[in-house]
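Please read the structure below before turning to the comments.
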Amino acid sequence: NDGCRFDIVGGSKYPVSAKLEEQLRHEISASGMIDRIVMHGHVRDPQSFYRQATVLVVPSIFEEPAANVVLEAKSCGVPAIVFPSGGLPELVNHGTTGWVCRGRSAADLIEHFTTCVLQPSVCRQMATACLQETDRRFSEERYQQQWAGVYRSEELSDRSAAQTFTDLSLQHKVDSV
């Protein structure tokens, strides 16, 4: 698709990754696609990239527990294509807010990315689902309700502990008499 542009945002602090990044820059240059594939490195505030993105691709092989990048993109209405690594599959509702690849290969990524390119309406539906899920799961109201529930359960727990202590104290007094 001539309208596609690929923004690669982020980088790594590990020397082995720096070598891979340099190799990728060389391959992009050699392919003649330097105007369509841009490596930005570390970006302090990626929000402008999320607002322009159609899809986020996270081919992470690291078993990270949760990638903030997926949640940040989702809050901007950007579905994600992720590898089945660590907690990534738990952040994407497959087929609704993005796709979880079957494996960790380029072919797996291409399968879902092709859907985005050939069926943009699917990505638009997913974008809406991302915003709805973000609102449902991470809204300020839900956050307040969950904390209120924690406080209520702690109060009940404290009352139960106090009541148990009182009951035991009374039982001890009765046994002593």
Side-chain angles (χ1 to χ4, degrees), residues 1-139 142:
N1 186 330
D2 290 336
C4 284
R5 175 184 163 97
F6 301 90
D7 288 296
I8 301 173
V9 179
S12 177
K13 61 183 176 185
Y14 302 107
V16 70
S17 295
K19 290 177 186 176
L20 291 173
E21 287 175 22
E22 188 55 40
Q23 180 183 352
L24 183 56
R25 286 181 198 281
H26 177 72
E27 289 180 24
I28 292 168
S29 181
S31 74
M33 298 189 66
I34 200 160
D35 59 328
R36 293 182 53 195
I37 303 173
V38 181
M39 292 183 69
H40 299 275
H42 175 76
V43 174
R44 192 181 231 349
D45 183 10
Q47 291 298 315
S48 64
F49 291 98
Y50 296 139
R51 286 191 290 274
Q52 295 176 31
T54 301
V55 66
L56 172 74
V57 180
V58 186
S60 181
I61 57 173
F62 177 68
E63 296 291 330
E64 53 194 300
N68 284 341
V69 66
V70 174
L71 297 174
E72 291 168 357
K74 190 183 286 189
S75 73
C76 293
V78 179
I81 302 171
V82 302
F83 273 178
S85 301
L88 289 172
E90 295 174 35
L91 301 175
V92 175
N93 184 349
H94 183 78
T96 304
T97 62
W99 294 274
V100 178
C101 295
R102 284 188 292 268
R104 297 177 186 175
S105 71
D108 290 317
L109 288 174
I110 291 168
E111 174 189 352
H112 299 302
F113 189 77
T114 301
T115 301
C116 284
V117 172
L118 298 179
Q119 299 176 34
S121 63
V122 171
C123 277
R124 285 192 297 273
Q125 290 171 345
M126 286 184 170
T128 300
C130 285
L131 292 171
Q132 290 169 343
E133 182 178 303
T134 298
D135 188 51
R136 188 181 77 252
R137 291 182 65 195
F138 304 107
S139 69
R142 179 157 191 239

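At least one donor-acceptor pair closer than 3.5 Å links the side chain of K74 to the backbone N or O of L91. At distances below 3.5 Å, at least one donor-acceptor pair connects side-chain atoms of R36 with backbone N or O atoms of C4. Between the S29 side chain and the R25 main chain, no donor and acceptor come within less than 3.5 Å of each other.
Residue R104 qualifies as enclosed at atom CZ: its count of foreign heavy atoms under 6.0 Å is above 12. Around the CD1 atom of I61, the shell of radius 6.0 Å holds no more than 12 heavy atoms that belong to other residues, nucleotides or ligands. The local environment of CD in E90 is sparse, with at most 12 non-hydrogen atoms from other residues, nucleotides or ligands closer than 6.0 Å.
Counting only residues at least two apart or on different chains, the ring pair (Phe, Tyr, Trp, His ring centres under 6.0 Å) pairs with a member in residues 44-67 are H40-F49.
Taken from CD in E27 to CG in L20, the straight-line distance is 10.0 Å, to the nearest 0.5 Å. One distance of note links CG of D7 with CD of Q52; it measures 7.0 Å at 0.5 Å rounding. Within the model, atoms CZ of F6 and CE of M33 stand 6.5 Å from one another, a figure rounded to the nearest 0.5 Å. To the nearest 0.5 Å, atoms CG (D35) and CD1 (I28) are separated by 11.0 Å. Expressed to the nearest 0.5 Å, how far CZ of R124 lies from SG of C116 amounts to 11.0 Å.
Inter-residue side-chain proximity for R136 and R142 is flagged as unmet; no heavy-atom pair is nearer than 4.5 Å. Two residues are said to be in side-chain contact when any heavy atoms from C-beta on lie closer than 4.5 Å; L88 and V100 fail this criterion.
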- prompt: Between V9 and V69, does a side chain to side chain contact (heavy atoms under 4.5 Å, CB included) hold up when you go through it step by step?
  reply: CA-CA 10 Å; V9 179; V69 66; over 6 Å; no
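Heavy-atom minimum distance, F113 versus V57: CD1-CG2, 4.4 Å. The two residues C76 and Q47 have their closest heavy-atom pair at SG-OE1, 3.1 Å. In terms of heavy atoms, V70 sits closest to A80 at CG1-CB, 4.3 Å. Here the shortest heavy-atom pairing between I81 and C101 reads CG2-SG, 3.7 Å. The two residues P79 and C123 come nearest to each other via the heavy atoms CG-O, 4.1 Å. Considering every non-hydrogen atom in both G77 and A127, the closest pair reads O-CB, 2.9 Å.
Using the six-membered ring where Trp is involved, H112 and H94 have ring planes that are perpendicular, over 60° apart on the 30 and 60° scheme.
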